[in-house]
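Computed over heavy atoms, backbone and side chain alike; hydrogens, waters and symmetry mates excluded.
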Amino acid sequence: MPREALWQVLAGLGVKGCFLRCLQAMYAKDTIRINHPSEGVTSSFRCQQGVKQGCPLSPLLFGLYLDALEGRLDGRECDALTLADVHVWLLLFADDLALTLELEVGLQ
């Protein structure tokens, strides 16, 4: 999830001013490291997408973003995958998202 898109979603929901700036500041200089099983831990690098793992606010931020995304996608005409006579093109569960379309161009 691009963070700029998250800030736009939050602003659209009325989250503005000091609270939005505080959230943005929490993520402004976010760095991560990856622990690879055979190569060990990487050096730190900037992370500019997603929400912080383990932060109590992250599930709410992610949920608000997905809700806005689902709202934008809902009702679009597309070539959905058909399973048991049901057209399925968007699957949402917890922190997972899957778009299922028959044609690659539909995902663009």
Can you sort out the partners of K52 under salt bridge (charged side-chain N to carboxylate O under 4.0 Å, His left out), two or more places apart, ordered by chain and number?
->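 Only D30 meet the salt bridge (charged side-chain N to carboxylate O under 4.0 Å, His left out) criterion with K52.
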Flag the pair [X] / [Y] as yes when at least one side-chain heavy-atom distance between them is below 4.5 Å, and no otherwise.
X	Y	result
T31	F45	no
L10	L61	yes
L6	Y27	no

Treating Ile, Leu, Val, Met, Phe, Trp and Tyr as nodes and any side-chain heavy-atom pair under 4.5 angstrom as an edge, say whether [X] and [Y] lie in one connected cluster.
X	Y	value
M26	V15	yes
L20	F62	yes
L57	V9	yes

Taking all heavy atoms of [X] and all of [Y], pick out the closest pair and write down the distance.
X	Y	result
H36	E39	ND1-N, 3.1 Å
K16	A11	CE-O, 3.3 Å
P2	Q49	N-OE1, 4.2 Å

Sub-3.5 Å donor-acceptor pair from the side chain of T42 to the main-chain atoms of I34, do we have one?
->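 Side chain of T42 to backbone of I34: a pair is present.
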May I ask you to decide if C47's main-chain N or O and R3's side chain share a donor-acceptor pair within less than 3.5 Å?
->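 Yes, R3 side chain to C47 backbone: donor-acceptor pair under 3.5 Å.
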